[in-house]
Q: 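Dropping the structure in here first, questions after.
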There are 2 protein chains.
Amino acid sequence: MRYSKQREALLSLLRSTRSHPSAQWLYENLRKEFPNISLGTVYRNLALLEEKGYIVRIHTTSNTEHYDGFVDKHQHFVCRMCGKITDVDIDNTDVIQSQAAEKSGGKIEDYSLIFYGICSECCQK
Amino acid sequence: MRYSKQREALLSLLRSTRSHPSAQWLYENLRKEFPNISLGTVYRNLALLEEKGYIVRIHTTSNTEHYDGFVDKHQHFVCRMCGKITDVDIDNTDVIQSQAAEKSGGKIEDYSLIFYGICSECCQK
DNA sequence: ATCAGTAATGATAATCATTACTGATTTCTG
DNA sequence: CAGAAATCAGTAATGATTATCATTACTGAT
């Protein structure tokens, strides 16, 4: 993987936020520094960075993908009112993973655990 | 919700399999009984049935949604080789859910737990 | 420092799953 | 049975993502 300014900026932007942005948001914000950057470049580099393990892709009920620059294993909570994604740390998930390995018969490499509900801000409204 | 043949057939087809089909697969198989059924009808009813809680939508790394006619809470395992989705039952997930509620501050209504890896069939190849 | 090779880019077109629209048909209630 | 409303089939539109392609920009060797 050869160096590129755009990719470095993308990764650094992703690592600067905990908001789990979409490709569109990243595109719009990268345009401040790279007015001519292409949306295709954003998608291409997101795929590349995910493949190499530098970022994580989050699949939710929403029809758009979200990305996370923090790769230390953790979980997410999605608010069904405002759509915001926040981090949640759950302990002892290895128990679950070993139980799944046992019951499925196959080789389990990873898992995704996403919580849905109403976030504290939206609860107050 | 008013009765319709197409919707009943869709629900019954979904309940007859453990393969967690996509909209496209359901459409193709419903055409055996309803040669003129529309893909739009399939999507419309999938959305309706999900909203009413009769079926579950499964979001995976694949770019298409999959559906499950069995709504008793359980988890899924997705093979990254063949793409097949199988059921996995994990015990004591309520521990996780209560831990998430505690740590997130919000109100947690549901969660999705999906395992990724290589299924037993693909392991043998 | 320049060069050649090749990966990455920007611009744009293509893809493909899903959703919206429309006029005809079916279901249900009185 | 009739009329209102939901549902349908068919099809166009949408929107996120991916692919294409000519040009540009890294990088290691001369």
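Each chain gets a letter, A, B and so on, in the order the sequences are listed, and its residues count up from 1. Keep in mind the model is a prediction, meaning the values are calculated, not measured.
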Q: With a 4.0 Å cut-off on heavy atoms, is B:Arg7 in touch with a base, just the backbone sugar-phosphate, or nothing at all?
A: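 The residue B:Arg7 makes sugar-phosphate contact but no base contact.
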
Q: Does NZ in B:Lys107 sit with more than 12 non-hydrogen atoms of other residues, nucleotides or ligands closer than 6.0 Å?
A: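 No, because the 6.0 Å sphere around NZ of B:Lys107 holds 12 heavy atoms or fewer from other groups.
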
Q: Under a 3.5 Å cut-off for both contacts, is C:dT25 paired Watson-Crick or G-U wobble with anything, and if yes, with which nucleotide?
A: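 When the pairing criteria are applied, D:dA6 turns out to be the nucleotide that pairs with C:dT25.
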
Q: Could you work out which one of D:dG10, C:dT9, D:dC8 sits closest to the side chain of B:Ser38?
A: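 Looking only at side-chain atoms, B:Ser38 lies closest to D:dG10.
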
Q: Can you tell me the distance, in whole Å, between the CD1 atom of B:Ile37 and the P atom of C:dT26?
A: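 Computing the B:Ile37:CD1 to C:dT26:P distance gives 14 Å.
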
Q: Counting the atoms with a prime plus P, OP1 and OP2 as sugar-phosphate, which does A:Tyr43 contact under 4.0 Å by heavy atoms, base, sugar-phosphate, or nothing?
A: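 Counting heavy atoms under 4.0 Å across all strands, the contact made by A:Tyr43 includes a base.
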
Q: Which one, D:dA9, C:dT18, C:dA8, comes nearest to the side chain of A:Ser4?
A: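 Shortest atom-to-atom distance from the side chain points to C:dA8.
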
Q: Kindly say if A:Asn45 contacts the phosphate of C:dT9, meaning a side-chain N or O under 4.0 Å from OP1 or OP2.
A: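 Checking C:dT9 against A:Asn45, a side-chain N or O does come within under 4.0 Å of OP1 or OP2.
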
Q: Rounding to an integer number of Å, can you tell me how far A:Leu49 CG sits from C:dA7 C1'?
A: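 Distance, rounded to whole Å: 15 Å.
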
Q: Give one of base, sugar-phosphate or nothing for A:Thr41, where a contact means two heavy atoms less than 4.0 Å apart.
A: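 Base contact.
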
Q: Does a donor on one side chain and an acceptor on the other come within less than 3.5 Å for B:His74 and B:Asp89?
A: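 The answer is no; no qualifying pair exists.
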
Q: On DNA chain C, compare the nucleotides closest to B:Lys5 and B:Tyr67; which residue's is nearer the 5' end?
A: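 Upstream on the strand: B:Tyr67.
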
Q: Tell me whether A:Arg15 forms a cation-pi arrangement with A:Phe70, defined as NZ or CZ under 6.0 Å from the six-membered ring centre and within 45 degrees of its axis.
A: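 Judged by the rule (NZ or CZ under 6.0 Å from the ring centre, within 45° of its axis), A:Arg15 is not positioned above A:Phe70.
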
Q: Mind checking if A:Gln24 touches a base, just sugar-phosphate, or nothing, with heavy atoms under 4.0 Å?
A: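 Counting heavy atoms under 4.0 Å across all strands, no contact is made by A:Gln24.
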
Q: D:dT30 pairs with which nucleotide, Watson-Crick or G-U wobble, both distances below 3.5 Å?
A: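 In the structure as shown, D:dT30 has C:dA1 as its Watson-Crick or wobble partner.
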
Q: Between D:dA16 atom P and A:His59 atom NE2, what is the distance in whole Å?
A: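 Taking NE2 of A:His59 and P of D:dA16, I get 17 Å after rounding.
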
Q: Whole Å only: how far is the CG atom of B:Leu46 from the P atom of D:dT7?
A: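 Rounded to whole Å, this separation is 14 Å.
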
Q: Nearest-Å distance, CD (A:Glu51) to P (D:dT18)?
A: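 Taking atom P of D:dT18 as the reference, CD of A:Glu51 is at 12 Å.
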
Q: Side chains of A:Glu8 and A:Tyr3: do they bring a donor and an acceptor to under 3.5 Å?
A: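 Looking only at side-chain atoms, A:Tyr3 and A:Glu8 do form a donor-acceptor pair, the distance falling under 3.5 Å.
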
Q: Where the side chain of A:Glu65 is concerned, which of D:dC8, D:dT17, C:dC28 is the nearest nucleotide?
A: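 The answer is D:dT17, which lies nearest to the side chain.
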
Q: When the nearest nucleotide of DNA chain D is assigned to A:Ser22 and to A:Gln6 on a heavy-atom basis, which residue is associated with the more 5' position?
A: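 First, find each residue's nearest nucleotide; the 5'-ward one identifies A:Ser22.
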
Q: Strictly by Watson-Crick or wobble contacts shorter than 3.5 Å, is anything paired with C:dA8, and which nucleotide is it?
A: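 Checking every strand shown, C:dA8 finds its partner in D:dT23, with both distances under 3.5 Å.
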
Q: What is the distance, to the nearest angstrom, from the CD atom on B:Glu33 to the P atom on D:dC8?
A: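 One finds 13 Å between P of D:dC8 and CD of B:Glu33, rounded.
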
Q: Rounded to whole angstrom units, what separation is found between the CZ atom of B:Arg44 and the P atom of C:dA20?
A: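 In whole Å, C:dA20 P lies 11 Å from B:Arg44 CZ.
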
Q: Side chains of A:Ser38 and A:Tyr43 only: does a donor on one sit below 3.5 Å from an acceptor on the other?
A: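 No - no donor-acceptor pair under 3.5 Å links their side chains.
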
Q: Please report the distance, rounded to the nearest Å, between CE in B:Met1 and P in C:dC28.
A: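 These atoms are roughly 11 Å apart.
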
Q: May I ask you to verify whether the side chain of B:Arg2 and the base of D:dA5 hold a donor-acceptor pair under 3.5 Å?
A: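 Checked by distance alone, the answer is yes.
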
Q: If you assign each of B:Leu39 and A:Tyr3 to its closest nucleotide in DNA chain C, which residue comes earlier from the 5' end?
A: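 It is A:Tyr3, whose closest nucleotide lies nearer the 5' terminus.
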
Q: Is the B:His76 ring parallel, tilted or perpendicular to the B:His20 ring (thresholds 30°, 60°)?
A: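 Taking B:His20 first and then B:His76, their aromatic rings stand perpendicular (interplane angle over 60°).
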
Q: As a test of reading the structure: which of C:dA17, D:dT7, D:dC8 is closest to the side chain of B:Asn63, going by heavy atoms?
A: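 Comparing C:dA17, D:dT7, D:dC8 against the side chain of B:Asn63, the answer is C:dA17.
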
